[in-house]
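Take a look at the structure below.
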Amino acid sequence: MKHELIIATNNAHKLQEIQPLIPDHFEIKTLKQIGCTEDIPETADTLEGNALLKARYIFEKYGCDCFADDTGLEIEALNGRPGVYSARYATDGHDFEANIDKVLGELNGIENRKARFRTVIALILDGKASYFEGIVNGKIITERKGNQGFGYDPVFIPDGYSQTFAEMLLSEKNKISHRARAVAKLVDFLRTEK
Ligand code: ITT
């Protein structure tokens with residue numbers, strides 16, 4: 001029988017990235033599929049805290065094994081901002097364009113463009129929480145390039161590459177991304193657990 005795991009995200013792009021990385025013997029269910037339509041609170045001030053809040057919310061309400069991803073873009077010259085506030089950096093909503101504009105504005109004239117994406121996944125399995133982290137280092141360029149992906153992808157070039165994440169196919173981003181690295185650790189852990 002397949003092991004059912006709920007993925008606690010309302011972000012369709014994340015789902016699209018994560019689903020192909022999970023082995024076939026797991027059945028990933030979305031919040032929509034379990035009938036969860038509410039906005040899950042993300043009020044913690046760390047990625048770990050928010051990932052756990054999201055996963056725990058689903059575990060407490062639906063009693064099933066689940067995991068959540070919380071991701072932030074950490075820019076060195078901005079002391080790690082927007083970090084845990086990446087989704088709502090410029091406005092209350094998930095306005096990707098306004099968020100990019102704000103970051104580019106803050107970095108205007110600054111030479112140090114170093115940045116990283118950091119994903120933390122919180123898994124709740126049989127009621128017990130575990131964390132998995134994935135990081136990709138790179139830099140923020142001065143103008144948008146590409147239209148794949150989501151969020152800050154058009155202005156982020158990973159180290160060792162010349163294209164932004166938004167210029168890459170999903171399969172290419174999924175070979176090196178913060179999220180793919182965190183999911184790989186999750187998958188390894190699940191292999192040893194079940
Ligand atoms: P859920 O909480 O429902 O999973 P979310 O969009 O709120 O979805 P996060 O809080 O983890 O997810 O993400 C914060 C923001 O960081 C997100 O809105 C994007 O702007 C950005 N982000 C996350 N992952 C990204 C990625 O792979 N590439 C570019 N930007 C990303």
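Just so you know, ligand 1 is whichever comes first in the structure, and atom 1 is the first atom listed for that ligand.
- With sequence neighbours left out, the salt bridge (charged side-chain N to carboxylate O under 4.0 Å, His left out) criterion links Arg116 to Glu74.
- Counted by atom type alone, Tyr161 and Glu172 present zero donor-acceptor pairs between their side chains at under 3.5 Å.
- For atom 25 (C) of ligand 1, the closest non-hydrogen atom on the protein side is Phe150 CZ, 3.3 Å.
- In the vicinity of Glu42, heavy-atom distances shorter than 4.0 Å reach the ligand 1 atoms 2 (O), 7 (O), 10 (O).
- At the top of the distance list for atom 24 (N) of ligand 1, counting protein heavy atoms only, stands Arg179 NH2, 2.8 Å.
- In this structure, Lys173 contributes its side chain and Ala166 its backbone to no donor-acceptor pair below 3.5 Å.
- Here the protein heavy atom with the shortest distance to atom 3 (O) of ligand 1 is Asn10 N, 2.8 Å.
- Looking at heavy atoms from C-beta onward, His178 lies out of side-chain contact with Arg118 at the 4.5 angstrom threshold.
- Contacts of His178 with ligand 1, taken as heavy-atom pairs under 4.0 Å, involve the side chain alone.
- Ligand 1 places these atoms under 4.0 Å from at least one heavy atom of Thr9: 1 (P), 3 (O), 4 (O), 8 (O).
- Annotation: Asn99 places no N or O atom under 3.5 Å from an N or O atom of ligand 1; distance criterion only.
- Given atom 6 (O) of ligand 1, the protein heavy atom at minimum distance is Asn11 ND2, 3.0 Å.
- When heavy-atom distances to ligand 1 are checked against a 4.0 Å cut-off, Asp69 comes that close through both its backbone and its side chain.
- The protein non-hydrogen atom at the shortest distance from atom 28 (N) of ligand 1 is Asp153 OD1, 2.7 Å.
- Counting protein heavy atoms only, atom 16 (O) of ligand 1 is closest to Ser86 CB, 3.4 Å.
- Applying the 4.0 Å criterion to heavy atoms of Lys173 picks out, from ligand 1, the atoms 26 (C), 27 (O), 28 (N).
- Note on Lys114 versus Asp159: no salt bridge recorded, every NZ/NE/NH1/NH2 to OD/OE distance being 4.0 Å or above.
- Looking only at distances, a side-chain donor or acceptor of Asn50 sits under 3.5 Å from a matching main-chain atom of Ala44.
- Counting only distance, with no hydrogens or angles, the side chain of Asp65 and the backbone of Leu5 share no donor-acceptor pair below 3.5 Å.
- Atom 5 (P) of ligand 1 has as its closest protein heavy atom His94 NE2, 3.7 Å.
- Against a heavy-atom cut-off of under 4.0 Å, Thr71 is close to the following atoms of ligand 1: 11 (O), 13 (O), 14 (C), 16 (O), 23 (C), 24 (N).
- The pair Arg81-Glu106 meets the salt-bridge criterion, with a side-chain N (NZ, NE, NH1 or NH2) lying under 4.0 Å from an Asp/Glu carboxylate O.
- Of the heavy atoms in Phe165, none comes closer than 4.0 Å to ligand 1.
- Between Val183 and Val187, some side-chain heavy-atom pair lies under the 4.5 Å cut-off.
- Set against the non-hydrogen atoms of Tyr152, the atoms of ligand 1 under 4.0 Å away are 20 (O), 21 (C), 29 (C), 30 (N).
- Of all protein heavy atoms, the one closest to atom 9 (P) of ligand 1 is Lys14 NZ, 3.5 Å.
- Checked against salt bridge (charged side-chain N to carboxylate O under 4.0 Å, His left out), Asp69 has the following partners two or more places apart in sequence or in another chain: Lys14, Arg179.
- Note on Lys61 versus Glu38: salt bridge recorded, some NZ/NE/NH1/NH2 to OD/OE distance being below 4.0 Å.
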